[in-house]
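Side chains are part of it too, since the values below use all heavy atoms of this structure and drop only hydrogens, waters and symmetry mates.
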Amino acid sequence: MSIRLQQTWKEQHGSRYTSGKFLLVRWESEDMGIADEFAEFAQALSLYNIDAEVFLIPDKSPQVALNVKVAQFRDQDNCPTVLKGFMYSGHETGNQYRTDSWWTPTIGSRYIVESGPVQEMLEQSVSDVLIIYDACQSADSARSEVVPGGVKELIAACCFSLLTSGVEDGSFTTYLTRILREEHALGLPLSISTLVSKVLSRKKTEWQRIAAGLNSPDQATGAAVRFHTAPVYCKLSTKSSDRGIILHPIQTSNMFTRSAKAICTKSPSNEISISFRTSALDTDSMKEWEEWIRTAPPSAAEFLNFKFTEAPSSSLKQIQDAMDICSD
């Protein structure tokens, strides 16, 4: 474990991934003009060295076609070091028969795709996965009873009972694109929860600016349509972990690592030793400890050692005997 930590410590405050892949999904026959928005969003992802691929849902056998594509996308390079992302943008309508949403190319179209099977496949990925829904009535919780593997996070343009704006200056995708570019320019790692918080703050600020110039409450209410739907964030992972997906340019140096090294060269070399008493450690527990160490503060410039001392069998027997006495 010490060797693994030494190898990964250099980029502890940068990207944990070796590559990133995003699948951008829209209908081939959609009537909203989403292509330009996807192009802008893909360019923003490229700043983080994340590759984006566009998939067009066909009108013929759309559910089968999308399921096959998503399964291929999930299974390719399915490992913890590859970040995966999925975005659907387009029309969506509530499914009165099930909890799934229905994706459709146009309002009133007879062609539909259920979102549930798609999300369930993504939830079973070994990789960390970010799911984005830019559509009406789009928010959802975990579809699987157990979400294994990496971290899974979902953000949606609005709640499952609300409508959101279409392809325009105030669309959810447009806000995401702007903030991704701005945060990249600052050189700071960006968590998904922070990304959603910044979208919400930006919407609120722009709404207040517009409302201040209106003469009546009715005008203000009408102008608020494109701003009033708040984005929704949901962590789908079922394993107890505080780790989340962090967006940061992949395979590049970062300001936090450089700053931490600069601190050490300008100040005395200090060491911090912390000891814990734990229960028996299995493979999953060791991974949790490894992850906790990786998230040390930026001032922790160098990893020195990880030491695990196993209790002697005699001590374990004494503990067990004490527990037996207590139970009696």
Side-chain angles (χ1 to χ4, degrees), residues 14-26 37-38 40-55 66 69-90 101 115-116 118-135 138-144 147-158 171-184 188-200 231-239 241-250:
S15 177
R16 66 185 296 112
Y17 310 109
T18 58
S19 65
K21 304 174 184 289
F22 237 91
L23 185 63
L24 309 180
V25 174
R26 63 181 178 89
E37 276 198 341
F38 269 9
E40 293 289 328
F41 185 71
Q43 288 179 1
L45 291 175
S46 69
L47 298 174
Y48 296 82
N49 297 325
I50 298 174
D51 298 326
E53 174 189 0
V54 177
F55 177 74
L66 182 58
K69 180 61 181 178
V70 171
Q72 293 173 343
F73 175 74
R74 177 199 61 190
D75 295 339
Q76 183 181 22
D77 298 324
N78 191 19
C79 61
T81 59
V82 178
L83 172 65
K84 299 286 185 70
F86 175 91
M87 171 185 272
Y88 169 76
S89 181
S101 294
S115 63
V118 173
Q119 184 172 317
E120 287 179 17
M121 283 190 287
L122 294 169
E123 289 174 356
Q124 299 305 308
S125 173
V126 175
S127 300
D128 291 355
V129 181
L130 171 60
I131 301 173
I132 304 176
Y133 296 147
D134 188 359
S138 53
D140 205 347
S141 55
R143 307 293 306 176
S144 310
V147 181
V151 173
K152 314 297 188 304
E153 294 180 277
L154 182 150
I155 57 178
C158 62
S171 72
F172 186 50
T173 301
T174 298
Y175 277 102
L176 292 174
T177 300
R178 291 175 180 171
I179 292 172
L180 286 174
R181 286 174 172 167
E182 292 169 3
E183 295 300 305
H184 174 266
L188 301 176
L190 179 64
S191 68
I192 305 307
S193 58
T194 300
L195 175 61
V196 174
S197 177
K198 288 181 177 293
V199 171
L200 181 60
V232 177
Y233 165 81
C234 181
K235 190 169 184 179
L236 306 177
S237 309
T238 53
K239 286 190 175 182
S241 172
D242 292 332
R243 185 174 74 82
I245 295 171
I246 302 294
L247 298 178
H248 195 274
I250 295 172

How many angstroms lie between [atom1] in [X] and [atom2] in [Y], if you round to the nearest 0.5 Å?
{"X": "Arg181", "Y": "Phe41", "atom1": "CZ", "atom2": "CZ", "value": "10.5 Å"}
{"X": "Ser89", "Y": "Ile132", "atom1": "OG", "atom2": "CD1", "value": "10.5 Å"}
{"X": "Met87", "Y": "Ile155", "atom1": "CE", "atom2": "CD1", "value": "7.0 Å"}
{"X": "Glu153", "Y": "Leu195", "atom1": "CD", "atom2": "CG", "value": "10.0 Å"}
{"X": "Asp134", "Y": "Thr173", "atom1": "CG", "atom2": "OG1", "value": "3.5 Å"}
{"X": "Leu45", "Y": "Leu83", "atom1": "CG", "atom2": "CG", "value": "9.5 Å"}

Taking [Y]'s backbone N and O only, do any of them form a donor-acceptor pair with [X]'s side chain (distance below 3.5 Å, no angle check)?
{"X": "Ser46", "Y": "Gln43", "value": "yes"}
{"X": "Lys84", "Y": "Phe73", "value": "yes"}
{"X": "Glu40", "Y": "Thr177", "value": "no"}

key: Salt bridge flag under 4.0 Å for residues Glu183 and Lys198   =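 Counted as a salt bridge, because a side-chain N and a carboxylate O are separated by less than 4.0 Å.
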task = Before accepting this row, confirm whether a basic side-chain N of the pair Arg74/Glu120 lies closer than 4.0 Å to the acidic partner's carboxylate O.
result = no
Test item: [X] and [Y] side chains (from C-beta on) under 4.5 Å apart, heavy atoms:
{"X": "Leu47", "Y": "Leu180", "answer": "no"}
{"X": "His184", "Y": "Pro249", "answer": "yes"}
{"X": "Arg26", "Y": "Tyr88", "answer": "no"}
{"X": "Ile246", "Y": "Ile192", "answer": "no"}

key: Residue list, salt bridge (Lys or Arg N to Asp or Glu O under 4.0 Å) with Asp77, at least two apart or on another chain   =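 With sequence neighbours excluded, Asp77 shows a salt bridge (Lys or Arg N to Asp or Glu O under 4.0 Å) to Lys21, given in chain and number order.
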Side-chain atoms of residues 121-128: list all donor-acceptor pairs with protein atoms under 3.5 Å, sequence neighbours left out, distances to 0.1 Å.
residue	atom	partner	partner atom	Å
Glu123	OE1	Arg143	N	3.2
Glu123	OE1	Ser144	N	2.8
Glu123	OE1	Ser144	OG	2.6
Glu123	OE2	Gln119	NE2	3.0
Glu123	OE2	Arg143	N	2.8
Gln124	NE2	Ser144	OG	3.0
Ser125	OG	Asn78	OD1	3.0
Ser125	OG	Ser127	N	3.0
Ser127	OG	Cys79	N	3.1
Ser127	OG	Cys79	O	2.8
Ser127	OG	Val82	O	3.2
Asp128	OD1	Val151	N	2.8
Asp128	OD1	Arg243	NH2	3.2
Asp128	OD2	Tyr17	OH	2.7
Asp128	OD2	Arg243	NH1	2.8
Asp128	OD2	Arg243	NH2	3.4

ask   = Which residue, Leu130, Val70, Leu24, forms the side-chain contact (heavy atoms from CB on, under 4.5 Å) with Phe86?
value =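 With Phe86 as partner, Leu130, Val70, Leu24 yield a single side-chain contact (heavy atoms from CB on, under 4.5 Å), made by Val70.
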message = Centroid separation under 6.0 Å, is that true for the rings of Tyr48 and His248?
response =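 Aromatic pair excluded; centres sit 6.0 Å or further apart.
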